[in-house]
Amino acid sequence: MQSALSIPQAPSDAEILESLNPAQREAVEALDGPVLVLAGAGTGKTRVLTTRLAHILLTGRASPFQIMAVTFTNKAAREMQERVARLTGQPTEGWFLGTFHSIAARILRKHAERVGLKSTFTILDADDQLRLIKQILEAENVDTKRTPPRMVLAIIERWKDRGLPPEKVPADEAAEQGRFLKFYRIYQDRLKTLNAVDFGDLLLHNLTLLQNHADLLQEYQHRFRYILVDEYQDTNVAQYLWLRLLMLNSDGSARNLCCVGDEDQSIYGWRGAEIGNILRFERDFPGAKIVRLEENYRSTGHILGAASGLIARNSSRLGKTLWTTSEEGAPLRVQSLWDGESEARFVGDEIESLQRKGTGLSQIAVLVRAGFQTREFEERFLSIGLPYRVIGGPRFYERQEIRDAVAYLRVISVPEDDLAFERIINLPKRGVGTASLQLIHQRARQDSVPLTEALRRILGEGGFTPKLRTTLQGFLMHYDRWRARLPDMPHTELTELVLEESSYTAMWQNEKTPDAAGRLENLKELINAMAEFDTLQGFLEHVSLVMEAHKDTGTEQASLMTLHAAKGLEFDVVFLPGWEEEIFPSRRTLEENGVKGLEEERRLAYVGLTRARKRIIISHAANRLVHGSWTHAIPSRFVAELPEKHVDVQAEPGMFASHHPEFRPSRHAEFATADFHHPPRPQITVEGYARVVERKSEHRFRKGERVFHQKFGYGTVALTDGDKLEIEFDHSGAKKVMAGFVVPADKASEAS
DNA sequence: AGATGTACCATTTTT
DNA sequence: TGGTACATCT
């Protein structure tokens, strides 16, 4: 069958291989036995993986259905599918190319009954999981203040990530196990009765299938002759065990597993990714060949040098030496600023100036450590009218209106879907409160029937108050009609009908909030997306695994996102603001995970740096409004870790003005702002930073003392706590300030 | 059942 | 500071 797309003539095997560099070629051609491709940033690892897949097919070593190619995100899966289709000239439908979860789900559907599920099982998302756990905790009379559902969910997920029954958790977690094992068991029981699985279960059940059923293990070991894994450094233990089962023979020899990854880009440890998997590859898969891709095609020499110098400080790595033949480019610029506001202004101004010089906005990105940091930039960009987009907000499927609509469809297609029923029974408001819902729940438990049936029975016996009774009877009538239409009506039309008749659309139309219109748009978009599926079942099956919003606004926009969201992307110019201790590296990570955490943060810095093709502008602010109070911030240790020869440090005039003799800025630094052609360049070296950072005030301030601050002016000390002062400023109100940043009022002239 | 008030808290996030 | 989850009022 020809695909609708016109696919150019497939290039010959030789042609594909020719365009690769020697290392890439080696990785593509090493077809027998396990291979680990250690690929640095910007070395063309995805290219290698897809070419390898095409090579296997074109040399006739395996048919498409004997290959499994796994990625972590749907986006990566789609890209791989497109490339493979292009290289082989065949559409990839039905192939085992996809995310870990989508492939696991597909296999599980086939053998669901072996783990006590029906093949129509639903996949719960985080929202459903949380609601379920909350119900369980409440039923068990647990104080949800002290034991929040989120925490219980996090622990359950951690156990599942490890791919072991929770009974076997390490001894040092025994206390946790004692406290939560009970909830885990109830949760799993509930999932079973709901005929549902969570994301972790998709893999866990697959492990059970292969471990407990020799025939299936044999079947799949035989079936998958080649497995290719992208971003191997992000695999968790469950995924690792699954790959092992499929690719390790009973005699301990390993088959054709090819993993591509970069240990220096492992930034998902906090959600279960086990960097040890990639570090241990050689031991896990005997006879493994390691191929290093070290020629970088993305960045300039300075950028690569800075990134390499930084990451070299990590100890948990296999080590790669990236090199490039591209030019040196400009050194990294490190800019010190007074506060968050001036940082945002600085970034905005720089972007505008880049734009004037011809850099397209789509080639500029601002990467921050945490989501809340985007706000400052958004405000600034809005006020200067700079087009921007924030990447990584709530995704399409996670939006409230989409989840609501999907819940309607879920109950209609599967009346047993209690979670979906609960979501929509009072949406739009039908006057069903906690009390009425409780009543339905009670009846359902008592008769062991789903909530829809319980509702029907109560209504049949004349339950509920008269008013509620009428509305619910109306609802049930609609519901039965929708269900009756299910077989014959096209699912897109049915969806429109349901949204209309349930008054769900009317609910948003009557809402006057500014985003209501957007929500209605999204609902239309949902119906468009549904059109791509043949049946409602088909759509629902995929929705929890692959739904994404397609966002293609025609205008050029600068990108604003977290460092995590930036992985895999590249831009000409990258801004890295907020390089301050406590923010980046994040204080919490350091507190919770010590050196391991620090190394992951450093990898995050490395990911950020290696996103840039041509220029990097790092900045940090000395003062920041955090949670409503002013906090003093010192430059990130990562700034000092960048090799000096690759950076160019600049500070805002007056930045280090202080009564401390060592850091009194030279006069020209203070006054040079006026000189447009020779920007100020205070003589502060990177080493100098460390000392700036450690600078302490030699003056002990006292309550009631008059002080002067560079930005806030004169004030009176209200509270002292070691080096931290709370000052009541004459004009700017109360602020928390580090002692090093104020001087006694009588010395103010000397400092400024 | 819905509106209003208040205490509390505050990374990263895919599937 | 700003959002949210829960308690209390109407």
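Excluded from the calculations below are hydrogen atoms, water molecules and symmetry mates; all remaining heavy atoms, backbone and side chain alike, are included. Here is how names work: the chains are called A, B, and so on, in the same order as the sequence lines, proteins then strands, and each is numbered from 1.
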#### Entry: Residues which pass ring-ring contact (aromatic ring centres under 6.0 Å, His included) with A:Tyr240, listed by chain and number, not counting sequence neighbours
none
### Query
Quick check: are there more than 12 heavy atoms from other residues, nucleotides or ligands sitting under 6.0 Å from CD of A:Gln438?
no
### Message
A:Glu581: which residues meet the salt bridge (Lys or Arg N to Asp or Glu O under 4.0 Å) condition with it, sequence neighbours left out?
### Response
A:Arg637
### Query
Mind checking what makes salt bridge (Lys or Arg N to Asp or Glu O under 4.0 Å) contact with A:Glu582, not counting sequence neighbours?
none
### Task
Return the value, rounded to whole Å, for the distance between atom CZ of A:Phe372 and atom P of B:dT12.
8 Å
### Query
A:Arg587 near the nucleic acid: base, sugar-phosphate alone, or nothing, with a heavy-atom cut-off under 4.0 Å?
nothing
### Task
Sequence neighbours left out, what passes side-chain hydrogen bond (donor to acceptor under 3.5 Å, both in side chains) with A:Arg403? Give chain and number order.
A:Asp125, A:Asp127
### Task
Round to the nearest Å and state the distance from A:Lys429 atom NZ to B:dG2 atom P.
6 Å
### Task
Starting at atom CD1 of A:Ile107, determine the distance to atom P of B:dT15, rounded to an integer number of angstrom.
19 Å
### Atom-pair distance (CZ on A:Arg106; P on B:dT15), nearest Å
18 Å
### Message
Taking the nucleotide of DNA chain B with the nearest heavy atom to each, does A:Glu601 or A:Ser436 sit closer to the 5' end?
### Response
A:Ser436
### Query
Can you tell which of B:dG2, B:dT14, B:dT12 lies closest to the side chain of A:Ala370?
B:dT12
### Summary
Heavy-atom nearest nucleotide on DNA chain B taken for A:Gly371 and for A:His101; more 5' hit belongs to A:Gly371
### Query
Going 5' to 3' along nucleotides 1-10 of chain C, which nucleotides have protein heavy atoms under 4.0 Å from the base (write B), which only from the sugar-phosphate (write S), and which from neither (write -)?
BS---S----
### Task
Establish, with yes or no, whether the OP1 or OP2 oxygen of B:dT15 is under 4.0 angstrom from a side-chain nitrogen or oxygen of A:Ser102.
no
### Query
Can you list the residues that meet the salt bridge (Lys or Arg N to Asp or Glu O under 4.0 Å) rule with A:Glu263, with sequence neighbours excluded?
A:Lys320
#### Entry: Distance-only donor-acceptor test (3.5 Å): side chain A:Arg271, base B:dT13
no
### Message
Using a heavy-atom cut-off of 4.0 Å across all strands, would you classify A:Glu592 as base, sugar-phosphate, or nothing?
### Response
base
### A:Leu153 CG to B:dT15 P, straight-line distance once rounded to whole Å
17 Å
### Message
Please find the pair of heavy atoms, one from A:Val260 and one from A:Lys45, that lie closest to each other, and give the distance.
### Response
CG1-CB, 3.3 Å
### Message
Applying the 5.5 Å / 30° rule, does A:Tyr268 stack onto the base of B:dT12?
### Response
no
### Query
Distance between the P atoms of B:dT12 and C:dA5, in whole angstroms?
16 Å
### A:Thr46: side-chain hydrogen bond (donor to acceptor under 3.5 Å, both in side chains) partners, not counting sequence neighbours
none
#### Entry: A:Tyr606 and A:Asn314: side chain donor to acceptor below 3.5 Å
no
### Task
Round to the nearest Å and state the distance from A:Ile275 atom CD1 to B:dT12 atom C1'.
16 Å
### Query
In chain order, what residues pass the salt bridge (Lys or Arg N to Asp or Glu O under 4.0 Å) check against A:Lys134, with sequence neighbours excluded?
none
### Query
With sugar-phosphate meaning primed atoms plus P, OP1 and OP2, does A:Ser586 contact a base, only sugar-phosphate, or nothing at under 4.0 Å between heavy atoms?
base
### Message
Strictly below 4.0 Å: does A:Asn74 bring a side-chain N or O up to OP1 or OP2 of B:dT14?
### Response
no
### Query
Tell me: CG of A:Leu472 to P of B:dA1, nearest whole Å?
11 Å
#### Entry: Length of the line joining A:Phe72:CZ and B:dT12:C1', which is rounded to integer Å
16 Å
### Message
Tell me which residues in residues 198-206 of chain A lie within less than 4.0 Å of DNA chain B, going by non-hydrogen atoms.
### Response
A:Phe199
### Query
Between B:dG2, B:dT13, B:dA1, which nucleotide gets closest to the side-chain atoms of A:Ala435?
B:dA1
